[in-house]
**Q** 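One structure, pasted below without further comment.
Residue numbers begin at 1 in each chain, while the letters A, B, ... track the order of the sequences.
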Amino acid sequence: MDRTHYCGELSEKAVDSDVVLYGWVKNTRNLGGCIFLDLRDREGIVQVVFDPADDRSVFEKASGLGREFVIRVTGKVRRRPNPNSKIPTGMVEVVATGVEVISRSEVPPIEVEDIITANEETRFRNRVLDLRRRPVQRIFKIRHKAVQSVRRYLDEQGYMELETPFLARSTPEGARDFLVPSRKQRGSFYALPQSPQLFKQLFMAAGFDRYFQVVKCFRDEDLRGERQPEFTQIDIEASFVEPEDIYELVDGLISRTWRDAIDAEVDLPLPRMTWQEAMDRFGSDKPDLRLNGMEIQDLSDVFKGSGFKVFESVIEDGGVVRGLAAPLAYGWSRKQVQDLEAVVKEHGAAGMAWVKLGDDNVTSGPLARFLNRERAEHIRRLAGIGEKPALVCVCAGKNTVTVPALGALRLELGKRLGLIERDTYRFAWITDFPLFEWSEEEHDWTPSHHPFTRPRIEDLALLDENPGGVRSLAYDIVCNGSEIGGGSIRIHEEDLQRRIFERLGISSREAEEKFGFFLRNLKFGTPPHGGVALGMDRITMILTGADSIREVIPFPKTTTGQCLLTNAPSRVDERQFRELGLELLR
RNA sequence: GGGGUUGUAGUUAAGCUGGUUAUAACGCCGGCCUGUCACGCCGGAGGCCGCGGGUUCGAGUCCCGUCAACCCCGCCA
């Protein structure tokens, strides 16, 4: 390769030197008498000048160049008579002495510019052209720096990068598996791993002590703006650790990564709060701490004996009445307030009642007639809003529905009021997750993390009479209201693991069949261990400010799991089916 | 599985209560232009109005269905 410079690295230092550049034609400005051409490569753009006074034949070749042609340019760097301060190389230009078309291009369907009009669908259909754009390349440079930073850090901390199979076995529970049919064993299937969970635990049993892996995981569930069917985790596991050790390790990793990738400082230690506190105050297990105030209050006492039958009967049935006060929404119109009801309804709440607390506790709104001054004062005290007038929104019903609905409402209010702090990173560890959660669908307790999570030993007594009350050694790490990782200390004793399976309704026969290989390996001296998995894609979203996970994945899938570039998934030959012993149902 | 938004030149959009030949900008093609850098000026080409059906004298516009992209709920150990 005879390239002497990247386009983007030319500066006044290179003046008078002869250069050979390779790059893509960004655009040309043909003034008739001379041609200016912006040449682009990964590092930036530089202006190339073609002047017929210098060389007629080179000038003529240049007039045939189109956008996105790949060309080789030879020339001399010179200081520009009229510099362009908008580009980093704007002090210089290259006077072409030769040009050669390496590769032609059709007229590109999308522009390769920083700011373009094309929508997301068009961009991903033409992702290769899209990937040439500077803002897109910036994302993947940051992603690269972040991954390298993680690898260096974990290596320094004594962690070994080990690989685990993609062709793994299907295990019950959790997300739906992607299945891969076996040709040699007809009727049997591999499953792509939802995570390397069991393998990393086996690494601990094997004595590797500290493991990590930057690894793809696969889950066949419906997609969202921050969910893809295949995604990348930084998977970590260590032996003889407590939650504290994991928090410290990950705190260090976050701080280092943020510094290396985007030169941002993160204050350590990252704040922590229990799951119970997060739910009570923010109505979410991933609270967005960029939003201050408007915390959720228990208003049951306020409405006791108020005469509002709806709330009173909810309380009698064991439900809750909770609400939040928004001083800045006091001036909102009836319609603006009413619109908020849609938010809580989307999250399953039956409805939303509201009242405005004005000066001197004069109230207005649907709840006003149930609130005397004393009750209004009570709300003020709970919400800690002093004398400020405020809009108070109230929901009532089952705790498990009402609290998250209010959490969603709080976030929406924060957005509409512009209260979400910008350009900041608010982290939190959410600790002490419940071990189980009730599944309405299965009418049984299901693991809230996964079935290998270690319960708090002091809560084990509750296992039978009150499974919902058993806390676990599970934790999530949250940033700006997004779950970027989670993990737990695991069960390392075979008998406890069997007990948990039993509680989860997994029979010992089933446990043996599905997890036999795992249980067997708990028999031969497994150290206590635990770990965490961090979502590399979501971390990259936050580092780059991307508003969709698709932006941080070079070749992502749409919400129906299609790749707009390759049109995967696709039909396959009948022959392939036959080889696999499969038949398509009609 | 449920709810919502959007589909009109290569791209992004406009197109009203249904009515002649479906507009514009950018891009593209041709011409002119030696200091542009979103170059400028003049001219031109370019359309299964997502797809299928229906209502109507007449549908880009109204109705039904369907497909796709996106957002939300469910789901995501």
**Q** Using the P atoms only, state how far B/rC70 lies from B/rC29, rounded to an integer number of Å.
**A** 32 Å

**Q** For the P atoms, the ones on B/rG60 and on B/rA22, what distance do you get once it is rounded to whole angstrom?
**A** 10 Å

**Q** Quick check on RNA chain B: between A/Arg29 and A/Thr117, whose nearest nucleotide comes earlier from the 5' end?
**A** A/Thr117

**Q** Output the rounded distance in Å from CG (A/Leu65) to C1' (B/rC28).
**A** 16 Å

**Q** What heavy-atom pair brings A/Asn126 and A/Pro109 nearest, and what distance separates the two atoms?
**A** OD1-CG, 3.0 Å

**Q** Can you confirm whether the side chains of A/Asp55 and A/Ser57 place a donor and an acceptor under 3.5 Å from each other?
**A** yes

**Q** What nucleic acid atoms does A/Pro447 come within less than 4.0 Å of, heavy atoms only: base, sugar-phosphate, or nothing?
**A** sugar-phosphate

**Q** Write down the distance between CG (A/Asp114) and C1' (B/rC37), rounded to a whole number of angstrom.
**A** 14 Å

**Q** Would you mind classifying the nucleic acid contact of A/Ile110 as base, sugar-phosphate or nothing, using non-hydrogen atoms under 4.0 angstrom?
**A** nothing

**Q** Please state how far atom CD in A/Glu113 lies from atom C1' in B/rU12, giving the value in whole angstrom units.
**A** 14 Å

**Q** Applying a 4.0 Å non-hydrogen cut-off, can you work out what A/Asn27 is touching in the nucleic acid: base, sugar-phosphate, or nothing?
**A** sugar-phosphate

**Q** Could you state the atom-to-atom distance from NE2 of A/His347 to P of B/rC71 in whole Å?
**A** 15 Å

**Q** Name the closest nucleotide to the A/Leu564 side chain, picking from B/rC76, B/rA69, B/rG35.
**A** B/rA69

**Q** Take atom C1' in B/rG35 and the same atom in B/rG47, then report the distance between them in whole Å.
**A** 40 Å

**Q** If I pick the P atom on B/rG19 and the same atom on B/rG10, what distance separates them, to the nearest angstrom?
**A** 25 Å

**Q** With sugar-phosphate meaning primed atoms plus P, OP1 and OP2, does A/Asn119 contact a base, only sugar-phosphate, or nothing at under 4.0 Å between heavy atoms?
**A** sugar-phosphate

**Q** B/rC26 P sits how many Å from A/Lys26 NZ, rounded?
**A** 16 Å

**Q** Do the charged groups of A/Arg56 and A/Glu60 touch, with an N to O distance under 4.0 Å?
**A** yes

**Q** Using a heavy-atom cut-off of under 4.0 Å over every strand shown, decide if A/Glu346 touches base, sugar-phosphate, or nothing.
**A** sugar-phosphate

**Q** Taking atom C1' in both B/rG43 and B/rG54, what distance in whole Å separates the two?
**A** 44 Å

**Q** Compare side-chain N and O positions of A/Lys345 against OP1 and OP2 of B/rC72 and report whether any pair is under 4.0 Å apart.
**A** no

**Q** Just name whichever nucleotide pairs with B/rG65, Watson-Crick or G-U, keeping both distances under 3.5 Å, else none.
**A** B/rC51

**Q** Taking atom types as they are modelled, would you say the side chain of A/Arg227 forms a donor-acceptor pair with the base of B/rC76 within the 3.5 Å cutoff?
**A** yes

**Q** Give one of base, sugar-phosphate or nothing for A/Arg224, where a contact means two heavy atoms less than 4.0 Å apart.
**A** base

**Q** Looking across every strand, which nucleic acid part, if any, lies under 4.0 Å from A/Ser195 by heavy atom: base, sugar-phosphate, or nothing?
**A** base

**Q** Find the distance A/Asp220:CG to B/rG1:P and express it as a whole number of Å.
**A** 12 Å

**Q** If the P atom of B/rG58 is compared with that of B/rU21, how far apart are they to the nearest Å?
**A** 15 Å

**Q** Tell me whether the side-chain N/O atoms of A/Arg125 come closer than 4.0 Å to OP1 or OP2 in B/rA68.
**A** no

**Q** Could you tell me if A/Arg454 and A/His529 have a donor-acceptor pair between their side chains, going purely by distance under 3.5 Å?
**A** no

**Q** If the threshold is 4.0 Å, N to carboxylate O, is there a salt bridge linking A/Glu221 and A/Arg227?
**A** no

**Q** Closer to the 5' end of RNA chain B via nearest nucleotide, is it A/Gly32 or A/Gly561?
**A** A/Gly32

**Q** Hey, does A/Glu93 reach any base, or is it just sugar-phosphate, or nothing, if we go heavy atoms under 4.0 Å?
**A** base

**Q** Would you mind classifying the nucleic acid contact of A/Arg550 as base, sugar-phosphate or nothing, using non-hydrogen atoms under 4.0 angstrom?
**A** sugar-phosphate

**Q** Any side-chain N or O of A/Thr559 less than 4.0 Å from the OP1 or OP2 oxygen of B/rC70?
**A** yes

**Q** Heavy atoms from C-beta onward define the side chain here; which of B/rA69, B/rG1, B/rC37 lies closest to that of A/Asp222?
**A** B/rG1

**Q** Which whole-number value in Å describes the distance from A/Glu442 CD to B/rC76 P?
**A** 8 Å

**Q** Measuring to OP1 and OP2 of B/rU12, would you say a side-chain N or O of A/Thr122 lies under 4.0 angstrom away?
**A** yes

**Q** When rounded to the nearest Å, what value does the distance between C1' atoms of B/rU8 and B/rA24 take?
**A** 13 Å

**Q** Has the side chain of A/Arg538 got a donor or acceptor atom that lies under 3.5 Å from a matching backbone atom of A/Glu483?
**A** yes

**Q** Among B/rC37, B/rC76, B/rC75, which is the nearest nucleotide to the side chain of A/Glu441?
**A** B/rC75

**Q** May I ask you to say what A/Arg78 touches in the nucleic acid, namely base, sugar-phosphate or nothing, with a heavy-atom cut-off under 4.0 Å?
**A** base

**Q** Applying a 3.5 Å limit to both distances, which nucleotide forms a Watson-Crick or G-U wobble pair with B/rG40?
**A** B/rC32

**Q** Nearest to the side chain of A/Arg67, heavy atoms from C-beta on, is which of B/rU36, B/rC28, B/rC75?
**A** B/rC28

**Q** Taking pairing as Watson-Crick or G-U wobble with both contacts under 3.5 Å, can you name the mate of B/rU12, or confirm there isn't one?
**A** B/rA24

**Q** Between the side chains of A/Arg490 and A/Ser488, is a donor N or O closer than 3.5 angstrom to an acceptor N or O?
**A** yes

**Q** Any base atoms under 4.0 Å from A/Pro109, or only sugar-phosphate, or nothing? Heavy atoms, all strands.
**A** sugar-phosphate

**Q** Would you check if there is a donor-acceptor pair between the side chains of A/Asp537 and A/Thr540 at a distance under 3.5 Å?
**A** no

**Q** Would you classify A/Thr560 as touching base, sugar-phosphate or nothing, given that sugar-phosphate means primed atoms plus P, OP1 and OP2, and contacts are heavy atoms under 4.0 Å?
**A** sugar-phosphate

**Q** Quick check for you: among B/rC37, B/rA68, B/rU11, whose closest atom lies nearest to any side-chain atom of A/Asp38?
**A** B/rC37

**Q** Base, sugar-phosphate alone, or nothing: which one does A/Gln197 contact when heavy atoms must sit under 4.0 Å apart?
**A** base

**Q** If you check the A/Leu31 side chain, which of B/rA69, B/rG35, B/rC76 turns out closest?
**A** B/rG35

**Q** Nearest to the side chain of A/Cys34, heavy atoms from C-beta on, is which of B/rU36, B/rU12, B/rU34?
**A** B/rU34

**Q** Can you tell me the distance, in whole Å, between the NZ atom of A/Lys415 and the P atom of B/rC72?
**A** 8 Å

**Q** Give the C-alpha distance, both sets of side-chain angles, the deciding distance and a yes or no for side chain to side chain donor-acceptor pair (under 3.5 Å) between A/Gln213 and A/Thr164.
**A** CA-CA 9 Å; A/Gln213 185 179 195; A/Thr164 51; 3.0 Å; yes

**Q** Any donor-acceptor pair under 3.5 Å joining the side chain of A/Arg80 to the base of B/rU36?
**A** yes

**Q** What's the gap between B/rG50 and B/rU5 when it is taken at their C1' atoms, as a whole Å value?
**A** 16 Å

**Q** If the threshold is 4.0 Å, N to carboxylate O, is there a salt bridge linking A/Arg499 and A/Asp495?
**A** no

